[in-house]
Each structure stands twice: as structure tokens, then as C-alpha cells.
Amino acid sequence: MNNIQATKIVERAANLPLYLHAYAFHLNMRMEKILPEDLLDIASQQQLKGVKIHVVDGESQSLRHASDERLANFAEKSRQLGLDVHIETSASDARTIDEAVRIALKSRATSVRFYPRYEGTLYEVMEIIAQDIQYIKAKYQHSGLTFTLEQHEDLQSHELVKLVQQADFPQLSLLFDFANMINANEEPLDALAVMGKEVTQVHIKDALINHEGEGRGHTACISGEGELPFKELLLQLICLGEDKPQVTAFGLEEEVDYYAPAFRFTNEDKNPWIPLRQMSETPLPTSGLEARLNKEIDDAMNQINHVRNILSVLHQDAMAMLQK
């Protein structure tokens with residue numbers, strides 16, 4: 001930490017825009033024990049800035065299946081609680097984006113996150129994604145929404161930056177996930193160095209790294225028990241932006257037991273094959289379901305405390321440096 005960073009930490013860390021992420025309650029939402037409206041209550045109780053909710057979270061009770069009246073009520077509840085809402089979806093094709101935008105607008109959300117899931121050579125996949133982005137730009141640039149493209153395990157940082165910079169779409173930026181670059185065979189801090197200027201949102205998690213031949217996968221774990229440079233990533237992300245913070249949303253995405261395999265490899269050629277992948281999912285336990293559901297809630301709450309503790313330590317470190 002240098003003096004410039006220390007000053008930014010002192011100014012920004014105490015009021016960092018932390019968002020409750022629905023994936024932290026993935027198993028409970030799969031079982032419909034926690035629903036989108038419940039996330040608003042939890043975020044409010046924890047004094048967070050907002051929530052990040054996937055269109056399918058809550059299964060039959062998800063926002064995907066919500067009536068216009070329920071979406072309006074959801075919007076009103078979030079307004080009354082003073083919470084910002086971000087909608088997430090797991091593809092980039094027109095139909096998927098249209099659905100996410102419809103839900104976002106009717107629920108008065110401010111942002112939509114997406115990531116592509118295509119099979120083909122890298123060059124083919126990049127071209128399809130570029131076309132998808134142009135569709136979003138043409139149809140929704142003036143919708144009032146911002147859009148984030150998440151680095152999601154198969155594309156590398158320089159490829160994502162290229163997609164955003166070529167799009168000429170000011171409402172589009174990158175969402176940085178603490179672990180997803182591992183699967184694209186990149187290191188977290190190296191990936192952030194490449195992506196930094198385009199990053200406006202974050203998913204916070206921790207993970208163990210799995211060495212898989214010429215590539216690497218990751219298994220998400222309790223925050224603080226993984227192999228990621230957790231504190232340093234937070235420091236660097238908080239300090240993005242000169243006159244004001246560049247990152248406007250830090251999603252608390254505890255994902256204990258989530259696994260993702262290697263997608264990119266050290267021995268690949270310049271135009272590697274990108275395999276088709278399913279949207280992210282953590283398997284339900286084969287036994288002890290009730291205990292696992294309770295533990296998931298505890299893990300999510302503990303992550304909030306862990307992140308706030310690290311922010312406190314960063315603030316102390318910054319104050320000590322500035323007082324030298």
C-alpha cells in the first residue's frame with residue numbers, strides 16, 4: 001500500500017457499496033426456503049447497499065416467474081428499504097437478455113449482468129459475443145440500465161477487455177470475480193491488472209485452486225480459508241478510480257462447494273476450442289440437507305463479517321501509513 005492508496009482506503013473503505021448476492025443462498029433458493037423478497041430483508045438487516053439476484057433464483061418463485069404485480073411490489077419494497085437491485089442472467093443471446101431486461105425494468109433494477117456460454121473456437125465465440133453486445137447496445141443503450149459482462153471461467157482478461165473496448169457502448173463494463181480467472185489459466189492479480197480500467201462491479205468469494213493437467217479449476221470455499229489474495233484484491237479494487245470510486249458494487253457471493261473445471265490451458269494454440277458449459281450450480285447434498293441449508297446461511301453471514309473485518313484492517317493499515 002502506498003500513500004495514494006492509503007488515502008483512498010481511508011476515504012472509501014468505511015462506506016464500501018456491499019451487495020448481498022443471491023448465490024450465497026443458492027441451495028436455500030433451490031429448495032425455495034429463501035425467496036427474492038427475503039433477500040431484500042436480509043440485505044436491509046445487514047445494512048448493505050443492495051442485492052444481486054439471478055432471474056432463476058427461487059425456482060418456481062423466481063423473478064422469472066413473477067407477475068407484473070409481484071415485480072412492482074418487489075420494486076416498491078426495495079425502494080422502501082433503500083436498496084439497489086441488480087439482475088443477473090447466465091447467457092448473452094437476445095432472448096436471454098430480453099428476459100433479464102424486462103425483469104430489471106419492471107423491478108426497477110439499475111443493472112444487468114450477463115456472461116456468454118457458447119461452444120466453438122475462440123475466434124468464433126468472440127465474434128458471436130460481439131454481435132450479442134451490439135444487440136444489447138442497439139436495443140437497450142438508452143433504457144437507463146447499465147450492463148456488466150462477467151469474466152466467467154472461459155475467456156481471458158485481454159479478450160474481455162477487447163470485447164468491451166470494441167463495443168463503443170458506455171453503459172457496458174466488466175464484472176470482476178475473485179476466482180473465475182483461475183479456470184481461464186490466469187492469476188487473480190494479473191487478471192485485475194489487465195481488466196482494471198473496465199471493471200465497475202465485483203463478485204467477492206474465496207476458493208481453493210485445483211491443478212488439472214495443463215490447466216486449473218477452482219472449488220469455492222469459506223472466505224478466508226482459500227488460496228486467493230483476498231485482502232490485496234479488495235485493496236486494489238477499492239483503489240480503482242482517481243477522483244471517485246470506479247467500482248460501484250461489491251457482491252458478497254459466498255459459494256462454498258461450488259466447483260468449476262479448467263477451460264484454458266498453457267499448451268493451447270492461439271485459437272483454442274471453447275467447450276459448451278452449463279450455467280453455474282452447486283449440487284445439493286445427498287444427505288443432511290437441513291443441516292447444509294443452515295450452514296449455507298451461516299456461511300453467508302460469516303462472509304459479510306469477514307469482508308467487513310478485512311475492510312477494518314485495511315483502514316487501520318492505511319491510517320498507520322498516513323501517520324508515518
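- Applying the salt bridge (Lys or Arg N to Asp or Glu O under 4.0 Å) rule to Asp269 yields no partners; only residues at least two apart in sequence or on another chain are considered.
- Contact of the Ile9 side chain with the Cys239 side chain is registered, since non-hydrogen atoms from C-beta on lie closer than 4.5 Å.
- Salt bridge annotation for Asp98-Lys139: present, with a cationic side-chain nitrogen under 4.0 angstrom from a carboxylate oxygen.
- Asn3 pairs by the side-chain contact (heavy atoms from CB on, under 4.5 Å) definition with Met321, Leu322, not counting sequence neighbours.
- Within the 3.5 Å criterion, the main-chain N or O of Leu160 finds no donor-acceptor partner in the side chain of Gln151.
- A side-chain contact (heavy atoms from CB on, under 4.5 Å) with Ile310 is found for exactly one of Ile204, Leu234, Leu235, namely Leu234.
- Residue pairs meeting the salt bridge (Lys or Arg N to Asp or Glu O under 4.0 Å) criterion with at least one member in residues 169-183, sequence neighbours excluded, are Asp177-Lys205.
- Pairing each heavy atom of Ala109 with each of Ile87, the nearest pair is CB-CG1, 3.7 Å.
- The shortest heavy-atom contact between Tyr23 and Ser280 is OH-C, 3.9 Å.
- Closest of all the heavy-atom pairs between His21 and Leu252 is CB-O, 3.2 Å.
- Proximity of Gln5 to Gln236: side-chain heavy atoms (C-beta onward) are separated by under 4.5 Å at one or more points.
- Under the 4.5 Å side-chain heavy-atom criterion for Ile, Leu, Val, Met, Phe, Trp and Tyr, Ile297 and Tyr258 are members of distinct hydrophobic clusters.
- At distances below 3.5 Å, not a single donor-acceptor pair connects side-chain atoms of Glu88 with backbone N or O atoms of Phe114.
- A 4.5 Å side-chain heavy-atom check between Arg108 and Phe74 finds every atom pair outside the cut-off.
- Both Leu18 and Leu237 belong to a single network of hydrophobic side chains, linked directly or stepwise wherever heavy atoms of I, L, V, M, F, W or Y lie under 4.5 Å apart.
- Residue Gln278 qualifies as open at atom CD: its count of foreign heavy atoms under 6.0 Å is 12 or below.
- Placement of Val85 and Leu35 in two distinct hydrophobic clusters is found when ILVMFWY residues are connected by side-chain heavy-atom separations under 4.5 Å, directly or transitively.
- There is a path of hydrophobic side-chain contacts, each under 4.5 Å, that joins Ile133 to Val112.
- The minimum heavy-atom distance between Gly217 and Ile182, with the atom names listed, is O-CG2, 3.5 Å.
- Considering only residues two or more places apart in sequence or on other chains, Ser90 meets the side-chain contact (heavy atoms from CB on, under 4.5 Å) condition with His54, Arg113, Tyr115, Arg117, Met279.
- With hydrogens and angles ignored, the 3.5 Å screen pairs a side-chain donor or acceptor of Asp206 with a backbone N or O of Gly226.
- The number of heavy-atom neighbours closer than 6.0 Å to CG of Asn15, taken from other residues, nucleotides and ligands shown, is 12 or below.
- Under a hydrophobic-cluster definition in which Ile, Leu, Val, Met, Phe, Trp and Tyr are linked whenever side-chain heavy atoms come within less than 4.5 Å, directly or via other members, Met29 and Leu289 are assigned to different clusters.
- The side-chain hydrogen bond (donor to acceptor under 3.5 Å, both in side chains) search around Gln141 returns Gln171, not counting sequence neighbours.
- For residues 5-15, the set of pairs meeting the salt bridge (Lys or Arg N to Asp or Glu O under 4.0 Å) definition, not counting sequence neighbours, comprises Lys8-Glu242.
- Taking Gln303 as the reference, Ser223, Glu254 meet the side-chain hydrogen bond (donor to acceptor under 3.5 Å, both in side chains) condition, with sequence neighbours excluded.
- Salt-bridge check for Glu76 with Arg79: passed, with a basic side-chain N closer than 4.0 Å to an acidic carboxylate O.
- Between the side chains of Arg70 and His65, no donor-acceptor pair is found at a separation under 3.5 Å.
- Put simply, the side chain of Asn271 gets close to the backbone of Leu122: a donor and an acceptor are under 3.5 Å apart.
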Got a list of side-chain donor-acceptor pairs under 3.5 Å for residues 42-52, not counting sequence neighbours?
residue : atom : partner : partner atom : Å
Lys52   : NZ   : His86   : ND1          : 2.9
Lys52   : NZ   : Gln201  : OE1          : 2.5

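- For His26, the side-chain hydrogen bond (donor to acceptor under 3.5 Å, both in side chains) criterion is met by Arg30, not counting sequence neighbours.
- At distances below 3.5 Å, at least one donor-acceptor pair connects side-chain atoms of Asn302 with backbone N or O atoms of Asp298.
- Between His306 and Phe230, the distance separating the two ring centers is shorter than 6.0 angstrom.
- Note on residues 223-235: pairs passing salt bridge (Lys or Arg N to Asp or Glu O under 4.0 Å), not counting sequence neighbours, are Lys231-Asp317.
- Between the side chain of Gln165 and the backbone N or O of Lys162 there is no donor-acceptor pair closer than 3.5 Å.
- Side chain of Asp57 to backbone of Ile53: no donor-acceptor contact under 3.5 angstrom is found.
- For Glu186 and Ser157, the side-chain atoms include at least one donor-acceptor pair closer than 3.5 Å.
- Ring geometry for Tyr140 versus Phe147: interplanar angle of 30 to 60°, hence tilted.
- With sequence neighbours excluded, the residues satisfying side-chain hydrogen bond (donor to acceptor under 3.5 Å, both in side chains) with Arg292 are Asp257.
- In this model, a donor atom of one side chain and an acceptor atom of the other lie less than 3.5 Å apart for Thr96 and Asp93.
- Taking a 6.0 Å sphere around CG of Leu276, one finds it holds more than 12 heavy atoms contributed by other residues, nucleotides or ligands.
- With Ser107 contributing its side chain and Ile103 its backbone, the two residues share a donor-acceptor pair below 3.5 Å.
- Under 3.5 Å, the side chains of His218 and Asn183 contain a donor-acceptor pair of N or O atoms.
- Not a single donor-acceptor pair under 3.5 Å links the side chain of Asn28 to the backbone N or O of Phe25.
- The two residues Pro36 and Leu63 make their nearest non-hydrogen contact at CB-CD2, 4.0 Å.
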Side-chain donor-acceptor contacts of residues 259-266 below 3.5 Å, not counting sequence neighbours, with atom names and distances?
residue : atom : partner : partner atom : Å
Tyr259  : OH   : Glu212  : OE2          : 2.7
Arg264  : NE   : Glu268  : OE1          : 3.3
Arg264  : NE   : Glu268  : OE2          : 2.8
Arg264  : NH1  : Asp154  : O            : 2.8
Arg264  : NH1  : Glu159  : OE1          : 3.0
Arg264  : NH2  : Glu159  : OE2          : 2.9
Arg264  : NH2  : Glu268  : OE2          : 3.1
Thr266  : OG1  : Glu214  : O            : 3.4
Thr266  : OG1  : Glu214  : OE1          : 2.4

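- For the residue pair Ser111 / Thr146, a side-chain donor-acceptor distance below 3.5 Å is found, with atom types taken as modelled.
- Salt bridge Lys77/Glu37: absent, no basic N to carboxylate O contact under 4.0 Å.
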